[in-house]
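To keep things clear, I will list the structure first and then write my remarks on it.
We number each residue from 1, following the sequence as shown.
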Amino acid sequence: MTQSTVAGCHVMAKPSSSICNLDCTYCFYLEKEKLYPEQNKNWRMTEDTLERYIQQHIEAQMGLEVQFAWQGGEPTLMGVDFYRKVVALCAKYAGNKRISHAFQTNAILLNDEWCELFKANNFLIGVSIDGPQDLHDAYRVTRTNKSTHAKVMKGIEYLKKHRIEFNTLTVIHDLNAQHPERVYEFLKQIGSTYLQFIPLVEREAVNTTEDTQALTLVLPDEIEANVTSWSVPSKRYGDFLNGVFDVWVKADVGRIFVNMFDSTLATWCGHSSGSCITSETCGHAFALESNGDLYQCDHFVYPEHLLGNIHEISIKEMNNSPAAKKFGQDKAKTLNDDCLKCEYKFACHGGCPKHRFSVSRSGFLNHNYFCSGYTNFFKHTEPYMRLMAALINNKQSPANIMAIIQQQPKLLYSMFKVSKNSQCPCGSGEKFKRCCFAG
């Protein structure tokens with residue numbers, strides 16, 4: 001019996017590999033320089049590799065929509081002409097397929113020329129920024145340890161000047177996790193309407209070899225490893241999400257979109273989350289190095305997860321290989337008993353496999369480091385998620401929840417049997433009878 005063909009795949013292309021104009025303390029990808037020491041000099045993706053990639057990526061998609069994702073390192077280091085060539089090659093190989101581009105950048109090199117390219121070709125821009133200056137500059141610094149916040153803001157001003165919509169990607173680390181409202185209000189203030197929060201956890205090997213090229217950061221199956229100091233504690237990440245949610249649900253539903261909130265609501269509506277982190281299975285979301293090496297995932301750029309090189313085997317073949325299929329299916333097949341019995345399994349599915357290095361309450365291995373944070377968030381938001389799902393099922397906008405919270409808090413909370421003496425779900429810290437119930 002032949003195996004089914006996978007309909008398509010996502011590829012995060014890194015044409016500048018790990019080369020970046022920043023030296024972020026927490027960046028797991030900068031360490032990948034050790035995998036390709038020769039790229040310290042020859043780090044740029046060649047024209048031959050670029051053309052092969054574009055042709056193969058288009059051919060690997062069975063549907064009519066094809067999205068290219070450009071990341072790094074820092075993708076702007078390739079220069080504007082490189083992406084003009086990208087656009088021309090896409091037109092050459094597109095056929096009847098529709099091409100779109102997503103571009104993740106630290107925004108430091110953006111100027112009028114870049115923005116004209118983005119605007120003319122409808123690039124979706126993601127800007128990496130970790131909040132207000134003090135929280136952003138704590139870790140996102142230059143190679144001479146200087147501030148980068150002002151330069152990022154200047155890049156954002158160029159995007160606004162050219163009326164280019166942009167999303168923001170915020171890494172949640174040990175410091176900015178303590179200030180959810182500040183981070184959220186800042187991102188709104190600068191004009192972001194789609195916010196991605198990426199929780200940071202990396203582990204360092206306890207016993208490192210004398211080989212300076214050995215990788216220090218480790219995979220989940222490495223036992224002898226310590227969580228880095230800049231990683232966000234699990235419960236604190238849940239508290240961060242709750243803090244942002246409490247502001248968002250009262251004023252910004254339908255206007256500001258937060259990746260974790262959208263994906264969670266989708267699961268309460270009976271759909272897949274739409275995020276690889278919280279989907280039942282993952283896989284087929286590859287990372288492409290500048291030399292054509294294709295890895296299973298951006299979080300698994302390790303030798304044991306190399307699928308092949310596009311100069312030797314096509315993306316379509318690698319996408320349909322047994323190794324690629326197994327990688328994605330293993331996410332569901334390797335859940336421990338505590339995960340299988342969890343009431344929020346439908347919304348989490350054990351989280352990202354990279355984060356499964358902890359031990360569960362019952363002593364099971366292969367447990368997600370962020371479990372307590374996720375549980376904290378799912379419990380806190382459950383009444384609101386249930387109501388928004390009910391609104392959607394009744395063909396109403398989930399944004400109607402804001403009026404219900406404001407005008408009918410007693411009705412909202414009575415639906416979920418919140419007692420008068422319990423803590424008010426609005427997050428004020430007061431008892432329900434002295435807070436929203438009294439109102």
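Applying the side-chain hydrogen bond (donor to acceptor under 3.5 Å, both in side chains) test to Ser360 and every residue at least two apart in sequence or in another chain returns Asp338. With sequence neighbours excluded, the residues forming a side chain to side chain contact (heavy atoms under 4.5 Å, CB included) with Lys119 are Arg163, Ile164, listed by chain and number. Tyr369 meets the ring pair (Phe, Tyr, Trp, His ring centres under 6.0 Å) test with Phe357; sequence neighbours excluded. By the ring pair (Phe, Tyr, Trp, His ring centres under 6.0 Å) test, Phe378 is found to be paired with Tyr344, residues two or more places apart in sequence or in another chain being considered. With sequence neighbours left out, the ring pair (Phe, Tyr, Trp, His ring centres under 6.0 Å) criterion links Phe186 to His149. Annotation: side-chain hydrogen bond (donor to acceptor under 3.5 Å, both in side chains) contacts of Thr375 (sequence neighbours excluded): none. Residues meeting the ring pair (Phe, Tyr, Trp, His ring centres under 6.0 Å) test with Phe346, sequence neighbours left out: Trp268. Considering only residues two or more places apart in sequence or on other chains, Thr168 meets the side chain to side chain contact (heavy atoms under 4.5 Å, CB included) condition with Ile129, Phe166, Leu187, Ile190, Ser192, Leu195. Under the side chain to side chain contact (heavy atoms under 4.5 Å, CB included) criterion, Leu365 pairs with Val359, sequence neighbours left out. Applying the side chain to side chain contact (heavy atoms under 4.5 Å, CB included) criterion to Asn376, with sequence neighbours excluded, gives Lys235, Asp239, Asn242.
The aromatic rings of Tyr384 and His380 sit tilted relative to each other, their planes meeting at an angle between 30° and 60°. Between Trp70 and Phe82, the angle of the ring planes goes over 60°, which puts this pair in the perpendicular group of the 30/60° scheme.
We find that Lys146 and Asp137 are not joined by a salt bridge, their nearest charged nitrogen and carboxylate oxygen being 4.0 Å or further apart. Between Arg386 and Glu382 a salt bridge is recorded (basic side-chain N to carboxylate O distance below 4.0 Å). Using a cut-off of 4.0 Å between Lys/Arg side-chain N and Asp/Glu carboxylate O, Glu165 and Lys160 are scored as not salt-bridged.
Side-chain contact between Lys14 and Leu288: absent, with no pair of heavy atoms (C-beta onward) separated by less than 4.5 Å.
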Quick one: do Lys379 and Glu343 satisfy side chain to side chain contact (heavy atoms under 4.5 Å, CB included)? Show the steps, please. CA-CA 10 Å; Lys379 282 185 181 296; Glu343 62 181 312; 3.2 Å; yes
Residues Phe327, Phe300; criterion ring-ring contact (aromatic ring centres under 6.0 Å, His included); working and verdict: CA-CA 11 Å; Phe327 180 86; Phe300 286 83; 5.2 Å; yes
May I have the step-by-step check of side-chain hydrogen bond (donor to acceptor under 3.5 Å, both in side chains) for Thr334 and Arg356, ending in yes or no? CA-CA 10 Å; Thr334 56; Arg356 294 181 185 177; 3.0 Å; yes
Passes ring-ring contact (aromatic ring centres under 6.0 Å, His included), Phe370 versus Tyr237? Steps please. CA-CA 8 Å; Phe370 288 113; Tyr237 176 55; 5.4 Å; yes
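Residues Asn368 and His355 have side chains that never bring a donor and an acceptor to within less than 3.5 angstrom of each other. Inspection of the Glu289 and Ser17 side chains reveals an N or O donor paired with an N or O acceptor under 3.5 Å.
Here the closest non-hydrogen pair linking Ala266 and Ser272 is CB-O, 3.5 Å. The minimum heavy-atom distance between Arg140 and Cys24, with the atom names listed, is NH1-SG, 3.6 Å. Heavy atoms only, all atoms of each residue included: Cys269 and Ile392 are closest at SG-CD1, 3.8 Å.
Between the side chain of Thr381 and the backbone N or O of Phe377, at least one donor-acceptor pair lies under 3.5 Å. Between the Lys331 side chain and the Cys276 main chain, a donor and an acceptor come within less than 3.5 Å of each other.
Note on residues 65-84: pairs passing salt bridge (Lys or Arg N to Asp or Glu O under 4.0 Å), not counting sequence neighbours, are Glu65-Arg98, Asp81-Arg84, Arg84-Glu113. Residue pairs meeting the salt bridge (Lys or Arg N to Asp or Glu O under 4.0 Å) criterion with at least one member in residues 172-194, sequence neighbours excluded, are Asp134-Arg182, Glu185-Lys188, Lys188-Asp252.
The side chain to side chain contact (heavy atoms under 4.5 Å, CB included) with Tyr139 is formed by just one residue from the set Asp23, Leu200, Asn176, Leu175; it is Leu175.
Checked against the 6.0 Å centroid threshold, Tyr295 and Phe286 do not count as a close aromatic pair.
For NZ of Lys97, the number of neighbouring non-hydrogen atoms (other residues, nucleotides, ligands) closer than 6.0 Å is greater than 12.
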